Protein chains: 2
Amino acid sequence: MFSGLSAYTLTPMDHQQIDEMHYRQVLQRLVGAQVDSISVLGFTGSYAYLSENERRRVTDIAVEEAQSLPVIVGISAQETQTTLNLAAHAKHVGAAGLMLTPMSYQHLNDEEVFGLYQAIANAVELPLIVYGNPAATQYEFSDNLYAKIASLPHVCCIKIPGMPLSDEENHARITQLKALLPSHVTLGISGDPYGAAGLNAGCSTWFSQFGGVFPAQALAITRAAQQGYAVEAVQHSQTLEPIWSLYKQFGSGLRVMATAAEILELVKAPSLPEPLQALSGRDKQALAQLLSELKLR
Amino acid sequence: MFSGLSAYTLTPMDHQQIDEMHYRQVLQRLVGAQVDSISVLGFTGSYAYLSENERRRVTDIAVEEAQSLPVIVGISAQETQTTLNLAAHAKHVGAAGLMLTPMSYQHLNDEEVFGLYQAIANAVELPLIVYGNPAATQYEFSDNLYAKIASLPHVCCIKIPGMPLSDEENHARITQLKALLPSHVTLGISGDPYGAAGLNAGCSTWFSQFGGVFPAQALAITRAAQQGYAVEAVQHSQTLEPIWSLYKQFGSGLRVMATAAEILELVKAPSLPEPLQALSGRDKQALAQLLSELKLR
């Protein structure tokens with residue numbers, strides 16, 4: 001389910017309101033490229049910076065624009081009740097799946113995290129993707145908890161953080177994880193630099209920030225991996241190494257991909273919710289130059 | 001300004017709504033004990049789990065109940081616009097001060113953090129407490145940034161994280177920090193185990209979770225330190241070491257103090273916003289036993 005490339009959309013802002021016109025452009029570009037699914041309101045979609053009402057509106061627009069493409073909606077929130085509300089809304093308007101990471105200001109313990117997934121899985125009949133993002137949430141799933149949550153109803157996929165490992169280690173890790181999970185639960189990979197390697201190692205889906213702005217290039221990597229051209233997929237990804245370096249330099253892909261979208265005029269600058277700032281001045285010029293050199297347009 | 005004990009209030013929930021009746025009891029206990037100020041909607045007040053409207057309501061109730069005690073309102077939010085809205089509301093209803101920590105799902109950089117404080121300091125005429133909480137926000141202030149922010153209008157206090165250092169090191173650190181700040185900007189200490197030592201070392205204010213539930217005991221420690229009985233203040237704090245140990249065991253003071261308030265029937269269990277869970281079963285019984293042994297009631 002949701003295999004291949006799932007493109008994470010930015011949620012462009014205009015004076016601290018959702019810039020609906022440009023958000024539609026972001027979505028239309030993904031529909032034009034025919035990515036395999038669209039993931040909205042993830043980390044890249046600035047979900048944590050939007051109100052519950054804004055998130056409902058973003059969901060509505062995504063489902064409207066996506067045509068036949070499946071839309072996966074990020075429903076993470078500090079409090080369980082908001083997560084439940086967002087999940088119910090996503091189902092009501094026709095989303096194809098839900099994505100949930102255990103974000104919390106107070107670091108959660110294992111019982112609290114399981115309780116959260118249990119509450120959602122029991123309440124809403126929609127495929128649910130479990131999303132481990134220790135860098136943002138300060139919570140790291142144990143394999144045992146992955147397995148316990150994977151046995152809940154509707155859980156369809158575990159999205160794991162990128163693995164900076166060798167090919168052999170990646171294969172071993174994915175094989176080990178799959179052995180713990182019911183056979184209908186797939187694995188997804190996140191962290192753009194690790195997408196190609198993750199697909200090669202047996203993940204079904206690459207959830208990609210890069211793919212939200214540059215869907216054609218991300219699809220080329222994805223299709224290569226899916227068709228067994230493992231070396232070509234990794235080589236293609238490695239040509240983008242200067243982009244991945246900027247992710248590190250600026251603390252994540254969000255600021256870099258938002259700036260790239262501004263350079264492409266896919267969104268209007270400043271597009272990030274305050275206090276976040278995209279790249280500016282020389283940093284932005286350097287990125288524009290890099291996009292041109294890499295023929296990313 | 002706001003010197004002495006600033007007691008952090010819990011925000012008790014009842015079926016995921018604010019439990020106003022018990023929240024008023026929490027406030028009345030602090031008024032009865034005559035703490036020096038009341039800090040609402042901090043980490044302890046579960047601010048991150050409440051909607052903007054709920055936070056306005058909590059602010060209104062606190063100002064109503066506080067009588068002549070100054071109320072400091074936590075205005076931290078993911079997006080700057082919400083922070084601005086909450087600050088304006090707090091001023092409008094008569095709060096005495098604001099507290100702001102740079103919380104953000106995407107880790108902020110120094111420019112973004114300064115931009116956030118600048119936006120608030122320029123917009124709202126109310127004393128502003130700068131609150132560094134690296135454990136929760138994953139952002140650590142440099143001394144240079146403290147100094148730069150302290151020069152903004154209305155900034156009155158820098159609240160620093162607890163310092164697990166020797167007395168000499170504490171004194172040296174506080175002296176070093178004070179030298180960087182304008183003389184009207186004071187220092188506050190957080191982290192209950194380090195309150196007495198922080199006051200002894202020259203901090204003006206102890207912002208205390210413990211003081212929100214046990215104001216008389218926290219005041220005794222505070223007054224001892226303020227009157228120069230440094231050894232007695234630390235000794236009193238050390239008698240509470242079993243409580244501080246539970247903070248570590250359960251990942252922060254929030255779950256422990258919420259459970260203590262439930263045991264005292266100051267609030268009704270379960271009082272924390274889901275997915276957070278207070279202590280239960282044997283853990284709760286052990287805490288009840290400990291409170292009894294320590295004569296905390």
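Since this is a predicted model, take the numbers as computed values, not measurements. Quick note on labels: first sequence line is chain A, next is B, and so on, each numbered from 1.
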Top of B/Q277, B/E274, B/Q106, B/E79 for chain A proximity - count of heavy-atom pairs under 4.5 angstrom:
B/Q106

Quick check on B/T101 against chain A: is it the side chain, the backbone, both or neither that has a heavy atom closer than 4.5 Å?
side chain

For B/T80 against A/P275, the heavy-atom pair lying closest together:
OG1-N, 3.0 Å

Out of curiosity, A/Q78 CD to B/Y105 OH, how far, rounded to the nearest 0.5 Å?
9.5 Å

Chain A contact residues among residues 112-128 of chain B, heavy-atom distance under 4.5 Å:
B/E112, B/L116

Are more than 12 heavy atoms from other residues, nucleotides or ligands located less than 6.0 Å from atom NE2 of A/H92?
no

Heavy-atom count around A/K148 NZ within 6.0 Å, excluding the residue itself: above 12?
no

Does atom CD (B/E140) have a neighbourhood of more than 12 heavy atoms from anything else shown, all under 6.0 Å?
no

Contact list (residues 46-57 of chain B to chain A, heavy-atom gap under 4.5 Å, by number) returns B/Y47, B/A48, B/Y49

For chain A, which residues from residues 129-137 of chain B have at least one heavy atom closer than 4.5 Å to it?
B/N133, B/A135, B/A136, B/T137

Within residues 253-264 of chain A, which positions have a heavy-atom distance to chain B below 4.5 Å?
A/L254, A/R255

Return yes when atom CD of B/E20 has more than 12 non-hydrogen atoms of other residues, nucleotides or ligands closer than 6.0 Å, and no otherwise.
yes

